[in-house]
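Note sheet for the following structure.
Chain naming here is simple, since letters A, B, ... match the order of the sequence lines and numbering starts at 1 in each.
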There are 4 protein chains.
Amino acid sequence: MPRTKKQFEDMRKSSKQKILDAAIVVFAKEGYHSSTVSAIAKKAGISQGLMYNYFKSKEKLLNELMIGMMESFMNDFMPIDPKQKFSRKDVVNFINLGVDLVLEDPKYWKLYFSVFLQPDVFAIVMDKIMEMVQPYFDALAAYFKEKGEKDPVVMMRYFSAVMDGIQLHCMIDPKTFPAEKVKKILIKQFA
Amino acid sequence: MPRTKKQFEDMRKSSKQKILDAAIVVFAKEGYHSSTVSAIAKKAGISQGLMYNYFKSKEKLLNELMIGMMESFMNDFMPIDPKQKFSRKDVVNFINLGVDLVLEDPKYWKLYFSVFLQPDVFAIVMDKIMEMVQPYFDALAAYFKEKGEKDPVVMMRYFSAVMDGIQLHCMIDPKTFPAEKVKKILIKQFA
Amino acid sequence: MPRTKKQFEDMRKSSKQKILDAAIVVFAKEGYHSSTVSAIAKKAGISQGLMYNYFKSKEKLLNELMIGMMESFMNDFMPIDPKQKFSRKDVVNFINLGVDLVLEDPKYWKLYFSVFLQPDVFAIVMDKIMEMVQPYFDALAAYFKEKGEKDPVVMMRYFSAVMDGIQLHCMIDPKTFPAEKVKKILIKQFA
Amino acid sequence: MPRTKKQFEDMRKSSKQKILDAAIVVFAKEGYHSSTVSAIAKKAGISQGLMYNYFKSKEKLLNELMIGMMESFMNDFMPIDPKQKFSRKDVVNFINLGVDLVLEDPKYWKLYFSVFLQPDVFAIVMDKIMEMVQPYFDALAAYFKEKGEKDPVVMMRYFSAVMDGIQLHCMIDPKTFPAEKVKKILIKQFA
DNA sequence: TATGAATGAGGATTCATTCAT
DNA sequence: AATGAATGAATCCTCATTCAT
């Protein structure tokens with residue numbers, strides 16, 4: 001039974017999604033500033049002009065992209081509602097996933113991190129991101145308190161800094177960084 | 001009567017330094033790509049053209065700047081020849097300085113870190129930096145071995161990742177990051 | 001509704017031709033180096049940026065322009081396939097046209113000649129031109145051989161040098177150069 | 001007997017001459033526009049600034065250079081006062097020298113010719129040159145008249161065009177142009 | 001919704017020329 | 001006479017964005 005044209009269309013990715021998919025690849029490879037709208041459009045298989053039907057500007061595209069990435073990362077990291085308390089298993093999971101996800105796709109993460117370090121780019125994205133991250137910080141602090149740490153907020157800050165450092169090194173040098181052994185150290189120390 | 005050789009040399013040195021000083025501020029504030037040569041020249045109080053007397057291109061300027069920063073950081077970090085073994089005191093020093101220096105000048109460090117995360121920018125600088133850093137890594141590994149760690153290279157990689165994570169968080173949020181307490185944790189764990 | 005393929009193609013063709021037409025005038029008048037892209041765009045009635053849609057650089061523009069000129073000259077000169085033998089009539093035609101075309105448009109020819117005399121400019125264009133010209137040289141040599149010259153290749157070289165000299169003088173001083181009388185001398189001597 | 005310092009100085013080329021010598025080499029190699037004052041100064045072994053003590057501008061330098069070249073060429077070509085009548089031997093000599101000099105130094109001649117073909121460059125030099133050349137044209141016309149040509153001025157124009165064509169080809173392709181055989185043809189035809 | 005030609009502002013870079021010594 | 005640092009105008013080129021269809 002042949003599909004109708006309409007159905008066929010629906011099966012394809014929407015143009016908007018094609019653009020986002022292309023943008024993440026291009027931004028990750030070239031960096032935000034060195035990526036051209038034309039390169040993104042080409043990769044997405046659409047015209048430059050069309051991009052402006054979906055995104056007001058290159059900046060807005062980055063913005064929407066980053067928020068999407070954040071959401072997806074958070075889903076991967078923490079399938080758990082941060083309003084609930086974290087169990088030990090959650091934290092072990094957090095550590096393992098935190099390392100593994102980066103190793104799977106160092107390039108995307110580089111994009112993600114680099115945004116925080118380029119003042120002009122960070123400004124595009126800051127507000128929304130901060131608001132998304134806070135609940136997870138709170139839940140972690142609660143976990144360390146539960147665990148009997150005498151300074152749980154400090155421990156949470158330390159832990160999240162350490163995780164970022166590990167992820168950074170995984171990104172920069174995914175080939176030689178001893179990720180498995182480091183995960184063990186982390187679990188022993190924090191979970 | 002022309003100026004003496006020495007006079008010319010002093011002029012060059014002073015102008016070049018003015019440019020480097022301006023560049024570090026502008027790059028750190030705007031990011032590499034968003035910084036314009038004209039803004040750097042203006043900040044340095046010289047003409048755009050003059051910059052090209054001292055640096056073949058904007059890229060070379062970044063390159064020389066980064067190498068200079070690296071050298072100066074290394075001097076601050078480790079007044080000790082990395083070919084000698086590190087003592088416990090050296091490592092304590094390393095930790096304290098590593099955090100304090102970032103807190104003193106978060107902007108410069110942001111530049112430093114951001115370079116590692118922008119593939120196109122990192123390429124400008126990679127070779128030389130890698131070569132400079134290696135001896136310090138070796139000395140750290142040797143220290144952990146001495147200390148009886150059973151996997152000193154892993155420990156060294158872990159330690160340097162952790163340090164970078166701490167520095168990253170100091171940079172992003174110097175006001176609320178509990179730097180002093182974190183230093184204590186680090187010293188207890190690694191030194 | 002987007003334009004059709006054909007519409008786009010027509011637009012491209014027309015814009016490209018506008019640029020080429022403008023470029024030949026400007027290059028001929030100012031010389032390659034003294035011609036600015038902005039002057040060419042202005043003359044063509046388009047924006048500077050658009051030029052780069054059609055030509056990767058000023059150099060490529062010259063290159064394509066010269067090749068186009070060559071082709072058109074060759075068509076005018078020799079409506080005959082150079083792989084066929086030249087008849088006496090062809091050579092008479094060659095001489096007459098060679099002089100007349102220059103007198104019609106001394107400026108274009110100045111551009112053409114000047115390219116051969118500026119090493120840096122010639123380099124832009126050399127390869128392609130040489131390859132286009134060779135068959136005509138061969139056909140001329142064959143003609144002189146047929147005619148019984150004992151050293152046809154030398155004669156061909158001599159003839160083409162003489163023609164260039166005549167054209168050069170027509171160009172530099174189209175008003176007082178005795179073109180008609182010189183044509184007669186040439187025909188008597190070479191055809 | 002040791003020379004005094006003064007004598008030593010005199011033995012060196014004057015700075016002005018050094019600049020002219022350097023300029024001819026650089027202009028010939030790079031073309032006028034692509035030659036930089038700094039490259040000329042470097043080749044001359046003096047500072048950029050000094051050039052402006054001797055020549056008001058790059059243009060003036062070209063101007064003086066070309067006039068010097070012209071004078072020297074004319075001396076080589078025609079050691080004879082053009083106010084005297086040319087003998088057959090003079091013309092033979094003219095032909096031989098005209099070809100040989102070009103073959104000795106094709107680069108310098110390219111510079112010389114190219115000036116005539118670049119409108120902006122030619123303007124720098126035109127007036128003086130024209131005035132120098134006229135007497136030789138007159139003497140040649142007189143020679144052809146003597147020789148019984150029925151249209152001696154046309155013959156003179158033709159001859160000088162032919163010579164320029166030959167020289168042009170010698171310049172462009174000094175290696176394969178059959179200069180010796182062509183000289184014989186020329187002598188037979190014109191002397 | 002979709003196209004890609006066209007725009008134009010802005011940026012890196014070069015280089016003749018000037019200037020202080 | 002000599003130096004070379006410093007200037008700044010000019011130029012090529014890029015690219016986000018708009019527009020006509």
Side-chain angles (χ1 to χ4, degrees), chain A residues 9 14-16 33-42 45-59 61, chain B residues 1-5 7-16 33-41 45-59 61, chain C residues 1-5 7-16 33-41 45-59 61, chain D residues 9 14-16 33-42 45-59 61:
Chain A
E9 293 292 318
S14 76
S15 285
K16 183 164 183 176
H33 286 292
S34 298
S35 300
T36 67
V37 170
S38 124
I40 294 167
K42 195 171 185 179
I46 53 122
S47 69
Q48 283 188 63
L50 189 54
M51 210 210 76
Y52 287 85
N53 279 9
Y54 297 104
F55 304 94
K56 275 255 166 66
S57 67
K58 194 183 165 191
E59 280 198 5
L61 171 58
Chain B
M1 211 86 52
R3 289 179 178 83
T4 63
K5 274 248 166 77
Q7 279 174 310
F8 279 128
E9 204 163 303
D10 290 347
M11 286 172 77
R12 283 190 75 77
K13 210 178 248 174
S14 129
S15 286
K16 189 165 182 176
H33 286 293
S34 299
S35 302
T36 66
V37 171
S38 123
I40 295 168
I46 53 126
S47 68
Q48 276 193 64
L50 190 57
M51 206 213 76
Y52 290 88
N53 251 325
Y54 297 99
F55 304 94
K56 279 243 166 69
S57 66
K58 194 184 161 189
E59 282 199 3
L61 171 59
Chain C
M1 211 86 55
R3 289 181 178 82
T4 63
K5 274 250 166 76
Q7 278 174 310
F8 279 128
E9 205 163 304
D10 290 347
M11 285 171 77
R12 284 190 74 79
K13 209 177 250 175
S14 129
S15 287
K16 190 166 181 176
H33 285 292
S34 300
S35 301
T36 67
V37 171
S38 126
I40 294 168
I46 52 127
S47 68
Q48 277 193 64
L50 190 57
M51 205 214 78
Y52 290 88
N53 250 326
Y54 297 100
F55 304 94
K56 279 245 167 67
S57 65
K58 194 184 160 190
E59 281 198 5
L61 171 58
Chain D
E9 294 292 317
S14 76
S15 285
K16 183 164 183 176
H33 286 291
S34 298
S35 301
T36 66
V37 171
S38 123
I40 295 168
K42 197 171 184 180
I46 52 120
S47 69
Q48 284 188 62
L50 188 54
M51 210 210 76
Y52 287 85
N53 279 9
Y54 296 105
F55 304 94
K56 273 255 165 68
S57 67
K58 195 183 164 191
E59 281 198 5
L61 170 59

inquiry  = In dot-bracket form, 5' to 3', how is DNA chain F paired? Count Watson-Crick and G-U wobble pairs only if both distances fall under 3.5 Å, and write | where the partner sits on another strand.
reply    = .||||||||||||||||||||
remark   = Assert: residue with more 5' nearest nucleotide on DNA chain E, out of Ser38(D) and Leu50(A), is Leu50(A)
request  = Not counting sequence neighbours, which residues clear side-chain contact (heavy atoms from CB on, under 4.5 Å) with Ser14(B)? List them please.
outcome  = Lys18(B)
inquiry  = On the nucleotide dA2(F), are OP1 or OP2 found under 4.0 Å from the side-chain N or O atoms that Ser15(D) carries?
reply    = yes
query = Hey, which of these two, Asn53(A) or Tyr54(C), hits DNA chain E nearer its 5' end, going by closest nucleotide?
reply = Asn53(A)
note = Of the candidates dT3(F), dT17(F), dC12(F), the side chain of Lys58(A) sits closest to dT17(F)
ask   = Considering residues at least two apart in sequence or located in another chain, which fulfil the side chain to side chain donor-acceptor pair (under 3.5 Å) criterion with Lys16(A)?
value = Glu64(A)
task = Using the test side chain to side chain donor-acceptor pair (under 3.5 Å), find all partners of Lys58(B) that sit at least two apart in sequence or belong to another chain.
result = none
message = So, using side chain to side chain donor-acceptor pair (under 3.5 Å) as the criterion, who are the partners of Ser38(A) when residues are at least two apart?
response = none
key: Donor-acceptor pair under 3.5 Å, Arg12(B) side chain vs dA5(F) base   = no
message = Whether the side chain of Gln48(C) and the base of dC13(F) hold a donor-acceptor pair under 3.5 Å is what I'd like checked.
response = yes
Residues 50-57 of chain B, side-chain donor-acceptor partners within the protein, below 3.5 Å, at least two apart:
| from | atom 1 | to | atom 2 | distance (Å) |
| --- | --- | --- | --- | --- |
| Ser57(B) | OG | Glu59(B) | N | 3.4 |
| Ser57(B) | OG | Lys60(B) | N | 3.2 |

